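The chains referred to below are lettered A, B, ... by the order of the sequence lines, with proteins before strands, and numbering in each begins at 1. No experiment lies behind these values; they were computed from the predicted model shown.
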Protein chains: 4
Amino acid sequence: MNQFGHNFRLSIWGESHGPQIGIVLDGIPAGIALSEEDFEADLSRRRSGAHGTTARRERDIPHLVSGLYRGRTTGAPLAMEFTNEDVRSEDYRSTADHCRPSHADHTAAVRFGGFNDPRGGGHFSARLTVALTAAGVVAKRLLPPTIRFHTAVTRIGGCNDPLRFEELLDKAEREGDSLGGVITCRVEGIPAGWGEPLFDSVESLLSHLLFAIPAVKGVEFGSGFSGADRTGSQNNDPIIDAEGHTSTNFAGGINGGLTNGNALEFRVAVKPTPSIARPQETFNFGTGRIEPLTIRGRHDRCVALRAGAVVEAAAAIVLADLRRPIPQTLTK
Amino acid sequence: MNQFGHNFRLSIWGESHGPQIGIVLDGIPAGIALSEEDFEADLSRRRSGAHGTTARRERDIPHLVSGLYRGRTTGAPLAMEFTNEDVRSEDYRSTADHCRPSHADHTAAVRFGGFNDPRGGGHFSARLTVALTAAGVVAKRLLPPTIRFHTAVTRIGGCNDPLRFEELLDKAEREGDSLGGVITCRVEGIPAGWGEPLFDSVESLLSHLLFAIPAVKGVEFGSGFSGADRTGSQNNDPIIDAEGHTSTNFAGGINGGLTNGNALEFRVAVKPTPSIARPQETFNFGTGRIEPLTIRGRHDRCVALRAGAVVEAAAAIVLADLRRPIPQTLTK
Amino acid sequence: MNQFGHNFRLSIWGESHGPQIGIVLDGIPAGIALSEEDFEADLSRRRSGAHGTTARRERDIPHLVSGLYRGRTTGAPLAMEFTNEDVRSEDYRSTADHCRPSHADHTAAVRFGGFNDPRGGGHFSARLTVALTAAGVVAKRLLPPTIRFHTAVTRIGGCNDPLRFEELLDKAEREGDSLGGVITCRVEGIPAGWGEPLFDSVESLLSHLLFAIPAVKGVEFGSGFSGADRTGSQNNDPIIDAEGHTSTNFAGGINGGLTNGNALEFRVAVKPTPSIARPQETFNFGTGRIEPLTIRGRHDRCVALRAGAVVEAAAAIVLADLRRPIPQTLTK
Amino acid sequence: MNQFGHNFRLSIWGESHGPQIGIVLDGIPAGIALSEEDFEADLSRRRSGAHGTTARRERDIPHLVSGLYRGRTTGAPLAMEFTNEDVRSEDYRSTADHCRPSHADHTAAVRFGGFNDPRGGGHFSARLTVALTAAGVVAKRLLPPTIRFHTAVTRIGGCNDPLRFEELLDKAEREGDSLGGVITCRVEGIPAGWGEPLFDSVESLLSHLLFAIPAVKGVEFGSGFSGADRTGSQNNDPIIDAEGHTSTNFAGGINGGLTNGNALEFRVAVKPTPSIARPQETFNFGTGRIEPLTIRGRHDRCVALRAGAVVEAAAAIVLADLRRPIPQTLTK
């Protein structure tokens, strides 16, 4: 089901080469000023154009078609639509039979009995993240202004030095290949006590939404996988003041599934774009033989470059869903 | 909210030192034979007793109090209860004020205004995973018998050699410390096409439930974080036959959020138990000073040792929720 | 929250005088042939134009903007939009302060702090039922072809004789008044055993959706309120064959919340349109005084006349949500 | 699915002749004082014993097994259990084959393939309403103390005169028959603006839960079905002051699905108990013939007498789910 959230709820639709991508947001309080300009900053971070991104150019203008009156939210569902403008479906003629490796072509065909829209990945396309990013913009408006997001691609192709990323992208371009990367997100200013025990822990909800972003294959909070190599005395975060601040932050700002008043910190592994220029030997369901496949279409050399804005939007959406209206008084 | 699942739904309750842990399962088809004996194998894998596990001993007998008639499920909700028998609440007298580092003591108090049950972590305790494990037993009964689970602790304290785990646990014991670990789970025999695009991808639902397990701080599928270091040509899985089998499995059995007919593979990072025997310097909310804290109570030296059964249960629960009753015919 | 349904899920948006009304449907199987023409029959039943209906004329063309490929559903969410074309917002200038009696003007302003869209009732308008009606068209396609709907206005202004309805409407028109009515719906061909015990009984889900239709103030199944005046021996439905058919149908086709194989029968009370031409004395929040209010705008004399198609759509939607894919074998 | 509610959520289990009836409540704020004594008043109103009620005697002691610590709610799920003590299953030996007319015996068998628990109606039994009633007690504690419930059986066997009810019950008893009735509920003190537009209107959520109560076959708000016989000028409620009070209350306290600050008023039609002492001619699935059936077991002569407490609980539960924490400021 294409819905997410409890108090701030998303319902999404659209295909890569259909007329539009759309999303409806429910649970937005009335009276919040909102205009199309508010979306530009985050949408431009996700938009293609920079080195290593696809040649497909979309203007990504958010059409706000409901839930607004005189420039303010009304409390009714807010629907947004993004027209698909730069579509070249002829590039995808072959994908229905000769499925692209590590893409959803085959699984979508199995899941939907061959009736799925194969053009550009259809409903499985990363194109839908334009709507997620826009939802993140609205979500941020629901959060206290103390909350600040810091998101960056901190690793590409195994390299942690951003000064060398350009060089690696050039190399991948030359070799008709693609690169994976890691996105690091830190969110400061979240009050302590957000989240729910067990099933609706901050980690649970956030990973749920992060893994909905195409190409995400790993999520870790705080020390994450490296924390599993440590001892308790090395990995514990001693509390140092009455606000619950800790001297270290190996927990990534979450204890027992609840925010602890320190920065929320997590990392996201983004796989290399599966669409690569060099030919691949893979099974052709039409001929029944393994044959070389050359992928046409316009693709990102490193999808992690554009996914940062989406990852940050996911964090904002989950925090908006978990936000608590009334400060809790601690009466021990 | 303490509920999970769409078609196979869990609702959980209980506290570490309350009278019982319970869970009610909804969406179980009628007519499935089930008895208390069916739970023993998986519950014993989670139970304490082995080296490195807590001294608390619970018999973990599942009382099936509804939804069964003459030994078969009726289609009505199936409720199960586990009595808490070996409780020593006096050990937790101090935790309300002098919060244990990297535990939920402080965040729970903030979240619930100081009214949370602090004994043994209350509702935040890993004791609740006994109910998750039992739910996994039922979930497995809803799956086709072709599906096989293989779960193991593959790394402890940074070491990948199971023959050396004992030695590391001894060392941690001597030093009053604890160890983290990594659990690897592989599930074979899942038909292709299970899962939903985007929000209800297999990765989304599975990570949602995995991060609900206390101490889990990282989840990766297939090549995961190491895949982010690879190129597309290195990380892609070429399809080799009409069933969609691939020559490699860097995708961990999932493309576009849907199972692809290969083994589902994922890894879970479990942090070292935050309760350690050696004193820790941490803030005392009662005195307003940083003071040494010595944690009493009985705790696991390496909670990953017992979490494998829970991780496997989580996989079974998500698969039971996503299972598709009718094989899809591929009509391209 | 503007969502309904479990397996067949609706998410709706739009305002009476905004740019569009929209709905996204989730859970539609792939491969169902669907075109805009399929919607005309039911939408025309709801459309204004006949005696007693509003002068507002909308063409109600369903724009299917996602979830379709080559004329068939893809299994992805199906979004539909209806452009609002015949809008005269100037008629609603006064409603924000001088609230129309028995309308949502005042409650909406309280609920949304005065930020609601007041034009034509905004999000509370019966205009949104165009999307519900369209959802009903899709829902019917998911049901077995044996299922047949029979819906009619059986009572207007206290009169059960359809031949006299015209006369009553003329009188109400002359008097600047409006009329209420009762809609009767009978659905034949539903297999026995659809529905869930307790919270998701057929009556529960159906009434939930029926009461979401503006102006609906009563729902009864089978003998309903008159059945409460009967004795058990008068109201019981004896079973007469192995298919579970009954000699009477006082249960309205539902026992224990589940369909029993007989016709589903229910009645819906629709209040008279609160917008009437004659002046009404009511409080003006602007002046702080009770003052005569003359309502402008174009309104239905008897909204029940157009609500039949919506009531039937609600029944189809709930049945589509509850439909069971595999016939149950009775193995007593 | 046996769950209800969004912010205040119920999950129920149990069978008439199983070991217990249970319910878990989620979304309860921490810090509310609660003891088993608090439940006695409402549970006793539902309990049998009075004239016209079943001879089955249950003490209905609520065992609060989680979510409480030192007499106050902790914010964790609150589970309650009621032991079934006075069970006589031998009375139901025949019902599996010779289904009782207008009971769930046949539909349950179809729905669950014959694996349902037939003893006393199993999971379909009105016995489960003990848990609903208890949930209502908790729900009332979440509401502002201004809210007052007034619930009464206002009609039995077609008679509106409570002084004659006894006489009618005697007659039904003598004739081996049962009686239906109507319950009227009025709730005063609800702030204006509770509820949601469309799908989660107060009427939608309340009818959803009311129709989950066994034997309820009709629900109407305010003037309801009689309002459908009126004109707009007769049925409209003029507003008379700045608080939104109206001179009449034909709307039953709800406009546009939201509370309007006047009393919430609704009526519930309860069918006559289908279990009657006199023999009934009905199909025997075992013999394949229509045969006389004599129903054993202990039953209510008029289930409406005990359903009032359940109806009131349903209202409290829905209001607790819809309650709004912060008073809305109206800034027109």
* Among C/Ala108, C/Ser11, C/Gly22, which has the most heavy-atom pairs under 4.5 Å with chain A? ->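 The option with the most such pairs is C/Ser11.
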* Checking A/Ile12 against chain C: side chain, backbone, both or neither under 4.5 Å from a heavy atom? ->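 Backbone of A/Ile12 only, per the 4.5 Å heavy-atom cut-off to chain C.
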* Closest approach of A/Ala30 and C/Phe115, non-hydrogen atoms and distance? ->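 Reported closest heavy-atom pair: CB-CB, 3.7 Å.
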* A/Asp26 (side chain) donor-acceptor with C/Met1 (main chain) under 3.5 angstrom ->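 Answer holds: no.
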* Determine yes or no for a side-chain-to-main-chain donor-acceptor pair under 3.5 angstrom, with C/Glu15 supplying the side chain and A/Gly67 the backbone. =>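 Yes, the answer is positive, given that a donor and an acceptor are paired below the 3.5 Å cut-off.
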Rounded to the nearest 0.5 Å, what separates atom [atom1] in [X] from atom [atom2] in [Y]?
X        : Y        : atom1 : atom2 : result
C/Asp117 : A/Arg72  : CG    : CZ    : 15.0 Å
A/Ser66  : C/His123 : OG    : NE2   : 8.0 Å
C/Leu25  : A/Trp13  : CG    : CH2   : 11.0 Å

* Selection from A/Gly122, A/Gly18, A/Ala79 maximising heavy-atom pairs under 4.5 Å formed with chain C ->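 Ranked by contacts with chain C, first place is A/Ala79.
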* Mind ranking A/Asn2, A/Asn116, A/Asn7 by heavy-atom pairs under 4.5 Å with chain C and telling me who comes out on top? =>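 If we count pairs closer than 4.5 Å to chain C, A/Asn2 comes out on top.
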* Please test A/Tyr69 against C/Arg119 for side-chain contact (heavy atoms from CB on, under 4.5 Å), starting from the C-alpha separation and ending with a verdict. => CA-CA 10 Å; A/Tyr69 179 61; C/Arg119 300 168 299 165; 3.3 Å; yes
* Is A/Gln20 close to C/Glu81 at the side-chain level, that is, under 4.5 Å between some pair of heavy atoms? ->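 They are in side-chain contact.
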* Asked: For C/Val24, is it the side chain, the backbone, both or neither that has a heavy atom under 4.5 Å from a heavy atom of chain A?
  ->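 When you check distances to chain A, only side chain atoms of C/Val24 fall under 4.5 Å.
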